[in-house]
Amino acid sequence: ITSVLPNDTKNTYSDFDTFSIEVSCCAKTYNAVNSMSKTVRDTLDRYGNYTISGTGYVVDNVQFTNLSDAWNEELKAYIQELSFDIIVKR
């Protein structure tokens, strides 16, 4: 989780918070990391209406926001970081 933003309304607090997260994929080949990040995006993007067990919180919506590519010389691996905003109803 990289940030949490409350969604206030005009005269009271909102029941919704927005969590920003990053998911990192790492692989030895570019094709493998690309395939992995596509699977992550296909799984999470626009996901919603899920109750988080034991909390009563509901994931209202997940939205893909960004992708960045990198090469890690130390690991000798390609890395793709995917960013998502998750709207949660408390």
Side-chain angles (χ1 to χ4, degrees):
I1 298 176
T2 58
S3 70
V4 179
L5 300 172
N7 294 320
D8 294 334
T9 62
K10 290 182 181 179
N11 58 1
T12 187
Y13 68 90
S14 172
D15 290 336
F16 292 90
D17 287 333
T18 301
F19 293 80
S20 296
I21 66 164
E22 289 183 356
V23 177
S24 297
C25 300
C26 182
K28 294 293 181 185
T29 68
Y30 188 75
N31 284 343
V33 78
N34 221 23
S35 176
M36 192 182 311
S37 68
K38 180 183 180 332
T39 300
V40 169
R41 183 174 178 180
D42 289 349
T43 301
L44 293 178
D45 196 23
R46 301 300 175 190
Y47 184 80
N49 198 26
Y50 173 79
T51 301
I52 301 169
S53 180
T55 66
Y57 291 3
V58 176
V59 174
D60 184 62
N61 187 38
V62 178
Q63 183 175 1
F64 172 77
T65 58
N66 195 29
L67 172 91
S68 63
D69 280 324
W71 167 256
N72 186 301
E73 187 62 38
E74 184 179 329
L75 296 174
K76 303 285 188 219
Y78 293 93
I79 298 171
Q80 288 190 349
E81 292 185 350
L82 296 92
S83 300
F84 296 89
D85 284 342
I86 303 173
I87 300 172
V88 175
K89 184 175 189 314
R90 293 181 267 120

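Quantities reported herein were computed from a predicted structural model and do not represent experimental measurements.
Rounding to the nearest 0.5 Å gives a distance of 8.0 Å between CG of Leu82 and OG of Ser68. Rounding to the nearest 0.5 Å places CD1 of Ile21 at 6.0 Å from CG of Leu44. To the nearest 0.5 Å, atoms CD (Glu81) and CG (Leu67) are separated by 9.5 Å. Atom CE of residue Met36 and atom OG1 of residue Thr29 lie 8.5 Å apart, to the nearest 0.5 angstrom.
A donor-acceptor contact shorter than 3.5 Å is absent between the side chain of Ser35 and the backbone of Asn31.
Of the residues listed (Asp17, Val59, Asn61, Asp15), the one engaging Lys89 in a side chain to side chain contact (heavy atoms under 4.5 Å, CB included) is Asp15, and it is the only one.
Pairing each heavy atom of Cys26 with each of Ile79, the nearest pair is SG-CG1, 4.1 Å. Of all heavy-atom pairs spanning Phe84 and Thr65, the tightest one is N-OG1, 3.8 Å. When all heavy atoms of Tyr30 and Gln80 are compared, the pair lying nearest together is OH-NE2, 3.5 Å. Nearest heavy-atom pair across Lys76 and Lys28 is O-CD, 3.3 Å. Taking both residues in full, the closest heavy atoms of Asn72 and Leu75 are given as OD1-N, 2.7 Å, listed atom of the first, atom of the second, then distance. The nearest pair of heavy atoms linking Ala27 to Ala32 is CB-CB, 3.7 Å.
A donor atom on one side chain and an acceptor atom on the other are not found under 3.5 Å apart for Asn34 and Tyr78.
Taking Asp42 as the reference, Lys38 meet the side-chain hydrogen bond (donor to acceptor under 3.5 Å, both in side chains) condition, with sequence neighbours excluded. Applying the side chain to side chain contact (heavy atoms under 4.5 Å, CB included) criterion to Thr51, with sequence neighbours excluded, gives Val58.
Linking ILVMFWY side-chain heavy atoms closer than 4.5 Å, directly or via other members, places Tyr47 and Val23 in a single hydrophobic cluster.
Side chains of Val40 and Cys25 form a contact here, defined as non-hydrogen atoms less than 4.5 Å apart.
More than 12 heavy atoms of other residues, nucleotides or ligands shown are found within 6.0 angstrom of CZ on Phe64.
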